[in-house]
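No hydrogens, no waters, no symmetry mates; every other heavy atom, side chains included, goes into these values. Letters go in sequence order (proteins before strands), and every chain restarts at 1.
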Amino acid sequence: MQDVVSQVSNFVDLNWMNITYLFIVGFVGGLVSGFIGSGGAFVLTPAMMSLGVPGLIAVASNMCHKFPKALIGAIKRAKYGQVDVKLGIVLGISAETGVLYGAHIQENIQKSFGDAGSNLYVSAAFVVILAVVGGFVLRDAWKTYKSGNMNEEEKATKIAKWVQSINIPGTMVYFKSLNARISVLFTIPLGFATGMLAATIAVGGFIGVPAMIYVLGAPSLMASASELVIAFVMGLGGSFKYAMSGLVDIRLAMIILAGSLFGIQLGAIGTTYVKPFMIKMVMGVIMVIVLFSRALMVPVYLSQLGIIQTISEGTVKVLKTTSFAIMALALLVGAFIVLKAMWQGRKAEKLHYAEDVLEHGKV
Amino acid sequence: MVSGYKKNVRKKPVGKMIFMGVLSIALYTVLLLKQSMITSYFGKGGMYAVLPIVTAFLFSFIHGSFTGDFWTVLGVEAKKKKEVK
């Protein structure tokens with residue numbers, strides 16, 4: 001608790017430059033989250049830390065902006081019929097336990113191996129999970145794009161069909177997004193993994209959304225929308241836990257929220273203009289770019305732990321800056337794809353309307 | 001998106017947007033002007049944890065309503081009759 005008290009006294013001074021910076025990062029993060037269900041957090045925490053905010057306060061404040069943002073995004077997307085609230089809550093509850101367990105592992109690693117060990121664990125988790133899941137998601141989106149079957153209804157994978165075919169009495173629940181009854185014994189480990197990832201790399205959706213699509217058989221649009229419900233459940237519990245220790249800097253959280261609520265509304269609107277494979281495309285692209293950002297930092301932590309030769313201060317600084325720049329690039333590329341897809345969708349709708357008027361003479 | 005004939009029928013929520021916008025600005029003004037007092041209470045921990053949670057819900061309701069209407073007034077709206085597959 002002493003550490004906590006000393007951290008609280010480290011709440012940073014805010015000026016208009018800082019406020020504008022956080023607002024803009026919040027907006028871009030919100031835009032991406034509104035579209036793919038998550039994704040802004042991995043840039044927001046380091047962005048706050050770059051202003052001198054201590055790590056734990058940055059994580060806590062990020063979490064406290066995340067749950068109200070996810071709530072607004074979920075409400076917006078529910079209006080479009082994209083949210084499976086029951087699936088989101090069921091996964092969200094098991095995700096909450098995953099968050100607690102993930103945080104516990106983090107604490108133990110930090111105790112045993114220090115900050116460098118903890119950072120190495122986080123970066124390794126980033127690299128392995130993003131390479132496997134991100135690579136798979138991007139490959140799938142690319143295959144759909146190349147096949148020209150972008151308008152076809154998404155088909156459930158073999159594993160999803162198998163999951164939906166298993167009947168375990170007493171555990172079966174109907175989910176509207178799957179249009180099937182599945183056993184909660186399948187959803188519990190998926191939610192748990194989502195929470196663990198959220199506690200480790202701050203973006204549980206990188207497991208949650210692909211799991212809903214490929215393992216449970218949910219359509220991309222519903223998976224990314226229901227992820228917002230999971231983020232709300234996880235974020236609310238996590239924020240309260242951090243706030244109990246006085247770690248939430250409400251000013252930071254609300255300033256980021258100011259930008260991200262503009263972004264999440266726009267991202268949610270964007271989903272109504274795009275073909276479902278675009279959700280996978282944006283998510284896959286972001287995941288793969290972030291993977292390179294974290295991979296750059298692995299040698300730094302290995303050197304700090306004495307596993308490899310010491311890296312000079314200058315090189316560490318260059319690697320850190322490049323890593324942060326690549327991470328910001330990932331978010332910007334994601335935001336660009338969302339805005340471009342939305343722009344094209346709006347243009348196509350206008351064209352369609354003009355054709356309709358010409359054909360039927362409607363005014 | 002409100003385009004074409006729909007534009008003539010649907011009324012844009014300009015009044016509501018302005019009202020929520022003013023409320024939102026007021027909330028942020030108080031937050032920034034009284035920041036030292038607010039952070040000292042909100043950072044106490046324990047049962048004071050309720051304060052940031054309630055604040056987050058309040059800001060999300062007011063500012064969320066404003067941002068939603070903001071895009072609607074600008075004409076950026078969801079595509080009509082989107083099928084969720």
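- Listed here is the closest heavy atom pair of A/L71 and B/F57: CD2-CE2, 3.8 Å.
- Contact between A/L257 and B/H63 at its shortest, heavy atoms only, is O-CD2, 4.0 Å.
- Annotation: B/Y28, atom OH; neighbour count of heavy atoms from other residues, nucleotides and ligands within 6.0 Å is above 12.
- Here B/P52 is the residue among B/S36, B/S40, B/S65, B/P52 with the most heavy-atom pairs under 4.5 Å with chain A.
- When the shell of 6.0 Å around NZ of A/K176 is examined, it contains more than 12 heavy atoms from other residues, nucleotides or ligands.
- The neighbour count for A/N15 CG, taken as heavy atoms of other residues, nucleotides or ligands under 6.0 Å away, is above 12.
- At least one donor-acceptor pair closer than 3.5 Å links the side chain of A/Q265 to the backbone N or O of B/G64.
- Side-chain contact between A/M342 and B/V76 is present, with at least one heavy-atom pair separated by less than 4.5 Å.
- With a 4.5 Å cut-off on non-hydrogen atoms, B/L51 does not touch chain A at all.
- The contact between A/L266 and chain B is made by backbone and side chain atoms together, counting heavy-atom distances below 4.5 Å.
- Within 6.0 Å of atom OH in A/Y21, more than 12 heavy atoms from other residues, nucleotides or ligands are found, so the atom counts as buried in its surroundings.
- Nearest heavy atom pair, residue A/M244 against residue B/A49, reads N-CB, 3.5 Å.
- Most heavy-atom pairs under 4.5 Å with chain B: of the set A/A243, A/A253, A/S239, A/A354, this distinction falls to A/A243.
- The contact between B/F70 and chain A is made entirely by side chain atoms (from C-beta outward), counting heavy-atom distances below 4.5 Å.
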| request: Would you check, one step at a time, whether the test side-chain contact (heavy atoms from CB on, under 4.5 Å) holds for A/L261 with B/F59? | output: CA-CA 10 Å; A/L261 288 186; B/F59 274 65; over 6 Å; no

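- A 6.0 Å sphere centred on CZ of A/F23 holds more than 12 heavy atoms belonging to other residues, nucleotides or ligands.
- A/Y273 approaches B/A78 most closely through the heavy-atom pair OH-C, 3.7 Å.
- Between B/I53 and A/V248 the shortest side-chain heavy-atom distance does not fall below 4.5 Å.
- Of the possible polar contacts, one joining the A/T272 side chain to the B/K79 backbone as a donor-acceptor pair under 3.5 Å is found.
- With contacts defined as side-chain heavy-atom distances shorter than 4.5 Å, the pair A/I269/B/E77 does not qualify.
- Within the 4.5 angstrom heavy-atom criterion, no atom of A/I264 approaches chain B.
- For A/A268, no part sits under 4.5 Å from any heavy atom of chain B, backbone or side chain.
- Atom CG of residue B/L32 and atom CG of residue A/L14 lie 7.5 Å apart, to the nearest 0.5 angstrom.
- In this structure, CZ on A/R251 lies 5.5 Å from OG1 on B/T39, to the nearest 0.5 angstrom.
- B/S60 and A/P68 get closest at one heavy-atom pair: CB-CB, 3.4 Å.
- Interface remark: B/L27 contributes no atoms to any contact with chain A (heavy atom separation under 4.5 Å).
- Between B/W71 and A/F27, the ring-plane angle classifies as tilted under the 30° and 60° cut-offs.
- Using a 4.5 Å cut-off between heavy atoms, A/F67 touches chain B through its side chain atoms alone.
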